[in-house]
Each structure stands twice: as C-alpha cells, then as structure tokens.
S.K.: 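Take a look at the following structure, please.
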Amino acid sequence: MSTVYEIFDKAKKEKRKFLLEPEAKTVCLKCGIPVTKFKVAKNEAEAVKFAEQIAYPVVLKIVSPDIIHKSDVGGVVVDLRTAKDVRNSYHQILKNVKRHKADAKIVGVLVQEMAPPSTEVIVGAIKDPQFGPAVMFGLGGIFVEVLKDVTFRVAPITVDEAREMITEVKAYPLLKGYRNQRPADIEAIVKILLNTSRLVMKHQEIKELDLNPIMVYEKGAKTVDARIILE
Ligand code: ADP
Ligand code: MG
C-alpha cells in the first residue's frame, strides 16, 4: 500500500484534480479515519475473489479519473450477495460508464464491504482563502441537504471544539439516542473530526474533503464514500 505522500504525488504527476476513492480511503486509513474494507479488481474473476475475501454483501463502484460522481453515471451497485450478482454488476457498471463517456479511462472496479444502514453523518473540510482549512460536521441526508444543519470550525480544532461541533447541530438528539434508537458512538466521531483536522493541516494541497456518508454505530463508525479534491 502506498504512503499518503506517494498518493498525492501520483495524482499531481497525472495532473488529476481529485483522488480516486481507493486513494482517498487509503489516505483516511493512514490518518486513523475508519473506512469500509475495499480492493480494486482489474477483471471479473478478481472482483468475485475479492468479494469472497471481504465477505458478502458487497458494493461495486467504478474507479476512473474521468468520473467524480459515480452514481450519476450508474457507476455504483450496492447490496450484492452472490458471485453471480458480482459478475453481472461488474459488466453493467463498465457498460453504464462507457455509455456516459466512451473514452473514460478505467482503473478498475472497487469491491467493498457493504456498511449496514445506521445514523449517517458527514465530515468535510474546505480551504478558506482567508482562514485556511476549516472542518465541517453535520448529519446526513435531509439535515445537510434541506435544513443546512451544519457547523464549521477553522482548523486545527481541539478535542473540545470537536465535541462542541457535534453537540451544537440541531440534529444532535438523534445521535444521543431516543426511545428505541440506540445512542451513536460520539467518541468515534470526535476522533474522525480531529484526524480530519490533522490531515488537512498537514496536506495543504487538499482543497476540499468530503466523507459522505459516514455510518455511525453504537460502537465505531465507517466512512462509505471519501472524496478529496486537490488544488
Ligand atoms: P458517489 O460518487 O455517487 O457519491 P457513493 O460512493 O457515495 O458514490 O455511492 C452512492 C451511495 O451508495 C452512497 O451515498 C451510499 O448511500 C451507497 N453506498 C456506497 N457505498 C456503500 C457501502 N460500502 N455500504 C453501504 N452503502 C453504500
Ligand atoms: Mg457519495
């Protein structure tokens, strides 16, 4: 597995404006941010082999420097439960992508563990021209998209600031647990916020970072999609 520096270098050399999902997830892993298990398959047989190693159900996704929004082009298939499902989806994804962009460069197909549904949160970072990197937090889905219920802090953030960010969003009670909803692992989110802050401080070539969604469980959390945009 490449180091974080090697990953950024490779993207720069190839004049790419963003990291591929497996690259972004490797960066996350190396920085202590939990992600789904994943492997990049170069052919159908490999996709099946990796699905078995990772364990069903799995998700398949296109890996291409020409495609940043994967599901917009039919480049994501979730909840595959058998080798036959994997083989069919492998071909379907390549077909969908080629229909969208005939000359798209294909690096491979990402096989990854399907994260069980849970409370979804979003951790992000942007680089403000005046203040430098800032870290963002919110709950997923309508909370971010419709209600804009998000909060920001200029990086680097302290552990107290990370806790404040989580407790100050309006949707916080959903994380704390209510009625038969079990409480989410708040400390796991605190850790992700702190590690994201460290990552964007250390690698100033990051223009934008988007961990969306992160599934948060009673114990632990898992990043399902990671996007890192470069300057
Ligand atoms: P996009 O590039 O379109 O944002 P994503 O990787 O976010 O692609 O996949 C689209 C959606 O599919 C996600 O928002 C999530 O709902 C679902 N999904 C993707 N990967 C997984 C996974 N490993 N486990 C569970 N759901 C997933
Ligand atoms: Mg996504």
Side-chain angles (χ1 to χ4, degrees), residues 11 16-29 33-41 47-48 50-82 85-86 88-90 92-101 104-126 136-146 150 174 184-185 188 192 196 206-230:
R16 279 192 273 127
K17 284 291 167 211
F18 67 96
L19 299 187
L20 302 167
E21 183 178 332
E23 294 173 332
K25 281 187 170 170
T26 302
V27 168
C28 286
L29 259 184
I33 299 167
V35 301
T36 52
K37 285 183 206 142
F38 66 91
K39 275 191 159 181
V40 180
V48 172
F50 294 159
E52 273 152 20
Q53 286 172 359
I54 288 167
Y56 293 104
V58 295
V59 176
L60 257 52
K61 302 187 196 179
I62 191 66
V63 183
S64 165
D66 296 312
I67 291 166
I68 186 157
H69 295 288
K70 302 169 297 276
S71 46
D72 289 358
V73 300
V76 178
V77 187
V78 301
D79 204 18
L80 303 172
R81 291 160 182 271
T82 64
D85 284 351
V86 169
N88 289 341
S89 299
Y90 185 95
Q92 192 60 52
I93 284 175
L94 294 183
K95 215 168 109 185
N96 293 346
V97 168
K98 283 187 179 136
R99 188 175 341 116
H100 170 80
K101 194 172 191 296
K105 181 174 186 296
I106 310 291
V107 174
V109 171
L110 188 62
V111 183
Q112 66 183 234
E113 141 189 41
M114 169 100 186
S118 189
T119 309
E120 296 184 9
V121 303
I122 296 177
V123 169
I126 49 151
M136 187 270 267
F137 172 76
L139 270 80
I142 59 162
F143 296 101
V144 167
E145 284 158 26
V146 185
V150 296
L174 296 180
D185 190 341
I192 293 174
T196 298
I206 298 177
K207 187 178 169 203
E208 247 178 80
L209 174 150
D210 195 22
L211 310 178
N212 176 13
I214 302 168
M215 299 287 184
V216 191
Y217 301 103
E218 265 187 270
K219 249 191 168 320
K222 232 161 229 184
T223 303
V224 159
D225 185 22
R227 230 189 293 284
I228 293 178
I229 315 278
L230 304 172

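Atoms considered below: every heavy atom in the structure, side chains included; atoms not considered: hydrogens, waters and symmetry mates. Whatever order the structure lists them in is the order used to number ligands and atoms, beginning at 1.
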S.K.: Can you report which non-hydrogen protein atom sits closest to atom 5 (P) of ligand 1, along with the distance?
M.R.: Asp225 OD2, 3.4 Å

S.K.: Checking a contact table here: which protein heavy atom is nearest atom 14 (O) of ligand 1, and how many Å away?
M.R.: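 Answer, as residue, atom name and distance: Pro213 CD, 3.8 Å.
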
S.K.: Below 3.5 Å, N or O to N or O, backbone or side chain included: is there any such pair between His69 and ligand 1?
M.R.: no

S.K.: Does the side chain of Glu21 come within less than 4.5 Å of Val63's, by heavy atoms?
M.R.: no

S.K.: Taking the side chain as everything from C-beta on, heavy atoms only, tell me whether Leu174 gets closer than 4.5 Å to Phe143.
M.R.: yes

S.K.: For atom 21 (C) of ligand 1, is there a protein heavy atom at a distance under 4.0 Å?
M.R.: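 Yes, because at least one protein heavy atom sits under 4.0 Å from atom 21 (C) of ligand 1.
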
S.K.: Would you indicate whether the side-chain heavy atoms of Lys70 and Asp225 approach each other to under 4.5 Å?
M.R.: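 Asp225 vs Lys70: side chains touch.
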
S.K.: For Ile68, take its heavy atoms, then give the atoms of ligand 1 lying under 4.0 Å from any of them.
M.R.: 2 (O)

S.K.: Taking both backbone and side-chain atoms of Asp72, is any N or O found less than 3.5 Å from an N or O belonging to ligand 1?
M.R.: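 There is no such contact.
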
S.K.: Could you give the distance from CE (Met114) to CD (Gln112), rounded to the nearest 0.5 Å?
M.R.: 10.0 Å

S.K.: Applying a heavy-atom cut-off of 4.0 Å, say which part of Pro117 lies close to ligand 1: side chain, backbone, both or neither.
M.R.: neither

S.K.: Is there a polar contact between ligand 1 and Asn212, counting only N or O atoms under 3.5 Å apart?
M.R.: no

S.K.: Around atom 18 (N) of ligand 1, find the nearest protein heavy atom and jot down its residue, atom name and distance.
M.R.: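 Atom 18 (N) of ligand 1 sits closest to the protein heavy atom Val224 CG1, 3.6 Å.
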
S.K.: Strictly under 2.8 Å, is the Mg ion (ligand 2) approached by any N, O or S atom of Asp225?
M.R.: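 It does; at least one qualifying atom falls short of 2.8 Å.
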
S.K.: So if I count the atoms of ligand 1 from 1 in the order they appear, which ones are less than 4.0 Å from some heavy atom of Val59?
M.R.: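 Checking each atom against Val59, I get 20 (N), 21 (C), 22 (C), 23 (N), 24 (N).
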
S.K.: Indicate yes or no: at least one non-hydrogen side-chain atom of Val58 is less than 4.5 angstrom from one of Phe50.
M.R.: no

S.K.: For atom 12 (O) of ligand 1, which candidate among Asp210, Val78, Ile67 holds the nearest heavy atom?
M.R.: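 The residue whose heavy atom sits nearest atom 12 (O) of ligand 1 is Val78.
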
S.K.: Can an N or O of Met215 be found at a distance shorter than 3.5 Å from an N or O of ligand 1?
M.R.: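 No, since none of the N or O atoms of Met215 sits under 3.5 Å from an N or O of ligand 1.
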
S.K.: Is there side-chain contact between Lys37 and Lys222, with at least one heavy-atom pair below 4.5 Å?
M.R.: no

S.K.: State, with a plain yes or no, whether a side-chain heavy atom of Val97 is found less than 4.5 Å away from one of His100.
M.R.: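 Result no, sub-4.5 Å side-chain heavy-atom pair not found.
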
S.K.: Provide, to 0.1 Å, the distance between atom 24 (N) of ligand 1 and the closest protein heavy atom, together with that atom's residue and name.
M.R.: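 Going by distance alone, atom 24 (N) of ligand 1 is nearest to Ala115 N, 2.8 Å.
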
S.K.: Check whether the side chains of Lys25 and Thr36 place a donor and an acceptor atom closer than 3.5 Å, and report yes or no.
M.R.: yes

S.K.: If you have a sec, work out which protein heavy atom is nearest atom 10 (C) of ligand 1 and how many Å separate them, to one decimal?
M.R.: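 Answer, as residue, atom name and distance: Ser71 OG, 4.0 Å.
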
S.K.: What's the shortest distance from atom 8 (O) of ligand 1 to any protein heavy atom, and which residue and atom give it?
M.R.: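 For atom 8 (O) of ligand 1, the nearest protein heavy atom comes out as Lys70 CE, 3.5 Å.
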
S.K.: Donor-acceptor pair, distance only, cut-off 3.5 Å: does the side chain of Ser118 make one with the backbone of Val216?
M.R.: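 Side chain of Ser118 to backbone of Val216: a pair is present.
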
S.K.: Is the shortest side-chain heavy-atom distance between Leu94 and Ile62 below 4.5 Å?
M.R.: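 Answer yes - side chains close enough.
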
S.K.: Against heavy atoms of Gln112, which atoms of ligand 1 measure under 4.0 Å?
M.R.: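 In order of number, 20 (N), 21 (C), 22 (C), 23 (N).
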
S.K.: Would you indicate whether the side-chain heavy atoms of Thr26 and Leu29 approach each other to under 4.5 Å?
M.R.: no

S.K.: Would you tell me which option among Lys37, Lys61, Arg227, Lys222 has the nearest heavy-atom contact to atom 6 (O) of ligand 1?
M.R.: Lys61

S.K.: Provide the number and element of each atom of ligand 1 under 4.0 Å from a heavy atom of Val76.
M.R.: 8 (O), 9 (O)

S.K.: Do Tyr90 and Leu60 pass the side chain to side chain contact (heavy atoms under 4.5 Å, CB included) test, and can you show the C-alpha distance, the side-chain angles, and the key distance before you say yes or no?
M.R.: CA-CA 7 Å; Tyr90 185 95; Leu60 257 52; 4.2 Å; yes

S.K.: Look only at interatomic distance and state if Thr36 has a nitrogen or oxygen under 3.5 Å from any nitrogen or oxygen of ligand 1.
M.R.: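 In fact, backbone or side chain, Thr36 has no N or O that close.
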
